[in-house]
Amino acid sequence: QVQLVESGGGYVQPGGSLTLSCAASGITFRLYAMGWYRQVPGNERELVATITAGRSGEYADSVKGRFTISRDNAKNTVYLEMKSLKPDDTAVYYCRATLGQIGPYWGQGTQVTVSS
């Protein structure tokens with residue numbers, strides 16, 4: 001059974017930082033491309049950042065220079081380090097795993113709220 005469990009969300013003031021974690025089980029993690037997405041109620045889920053099995057990362061323009069995605073294959077975990085947070089970053093953040101035609105698998109999401 002595949003499980004993706006996000007953690008690290010919370011409440012932070014503008015300009016603050018948070019690091020999200022997504023722990024995976026039930027997959028050969030090192031082979032999977034991993035991604036972080038976010039969703040605001042009433043809007044579609046949008047890509048934030050992705051990282052390939054080869055550790056190549058891509059970012060949405062809105063987070064470039066502020067967010068960093070990384071992975072630890074020994075811990076089956078992908079991270080999203082978020083700095084200089086803005087109120088527009090407020091959303092539920094989801095972890096996603098894909099391998100070719102397999103998946104995608106999604107986590108349950110973690111809420112990030114940026115507000116003064």
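Numbers here are sequence positions counted from 1. All values reported here derive from a predicted model rather than from experimental measurement.
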Sidechain-backbone polar pair: Ser17 side chain, Lys83 backbone, donor-acceptor under 3.5 Å: no
Would Asp89 and Lys86 pass as an ion pair if we require N to O under 4.0 Å? no
Nonpolar side-chain network containing Tyr79, other nodes, edges under 4.5 Å: none
Please report the closest heavy-atom contact between Ser21 and Thr77, naming both atoms and the distance. CB-CG2, 4.2 Å
Determine whether Gln108 and Glu6 make a side-chain contact, defined as any pair of heavy atoms from C-beta on separated by less than 4.5 Å. yes
With side chain to side chain contact (heavy atoms under 4.5 Å, CB included) as the criterion, how do Thr28 and Arg30 come out once you've worked through the C-alpha distance, each side chain's angles and the decisive distance to 0.1 Å? CA-CA 6 Å; Thr28 306; Arg30 60 182 175 82; 4.1 Å; yes
Which distance, rounded to the nearest 0.5 Å, do you find between the CD of Glu44 and the CZ of Arg38? 14.5 Å
On a heavy-atom basis, the closest approach of Gly26 and Val2 is O-CG2, 3.7 Å
Looking only at heavy atoms, which two atoms of Pro104 and Thr98 are closest? And how far apart? CB-CG2, 3.4 Å
Does CD in Gln39 sit with more than 12 non-hydrogen atoms of other residues, nucleotides or ligands closer than 6.0 Å? yes
Is there a side chain to side chain contact (heavy atoms under 4.5 Å, CB included) between Val112 and Tyr11? Walk through the geometry before answering. CA-CA 6 Å; Val112 172; Tyr11 183 97; over 6 Å; no
I'd like to check Cys95 versus Met34 (side-chain heavy atoms, cut-off strictly below 4.5 Å). Are they in contact? yes
For residues Tyr59 and Thr50, determine if any side-chain heavy atom of one lies less than 4.5 Å from a side-chain heavy atom of the other. no
Heavy-atom pair with the smallest gap, counting every atom of Gly8 and Leu18: O-CD2, 3.8 Å
Side chains of Val78 and Trp36: does their closest heavy-atom pair fall under 4.5 Å? yes
May I ask you to test the Val12-Thr113 pair for a side-chain heavy-atom distance under 4.5 Å? no
For Phe29, does the six-membered ring have the charged nitrogen or CZ of Arg71 within the cation-pi criterion, i.e. under 6.0 angstrom from the centroid and within 45° of the normal? yes
Looking only at heavy atoms, the pair that brings Leu4 and Ala97 closest together is CD1-N, 3.8 Å
Quick one: do Leu31 and Ile27 end up in the same hydrophobic cluster if we chain Ile, Leu, Val, Met, Phe, Trp and Tyr together by side-chain heavy atoms under 4.5 Å apart? yes
Would you check if Ser115 and Pro87 make a side-chain contact, meaning some heavy-atom pair closer than 4.5 Å? no
Which residue in the set Ile69, Leu20, Leu80 passes side-chain contact (heavy atoms from CB on, under 4.5 Å) when paired with Val48? Leu80
So, Ser56 side chain and Gly54 main chain: donor-acceptor pair closer than 3.5 Å or not? no
With hydrophobic residues grouped by side-chain heavy-atom distances under 4.5 Å, do Phe67 and Tyr94 end up in a single group? no
Could you tell me the separation between the OG atom of Ser25 and the CD atom of Gln3, rounded to the nearest 0.5 Å? 4.5 Å
Would you say the side chain of Asp88 lies within less than 4.5 Å of the side chain of Thr90, judging by non-hydrogen atoms? no
Hydrophobic cluster membership, Val114 vs Val92, 4.5 Å side-chain cutoff: no
Which pairs with one or both residues in residues 96-116 pass ring-ring contact (aromatic ring centres under 6.0 Å, His included), sequence neighbours excluded? Tyr37-Trp106
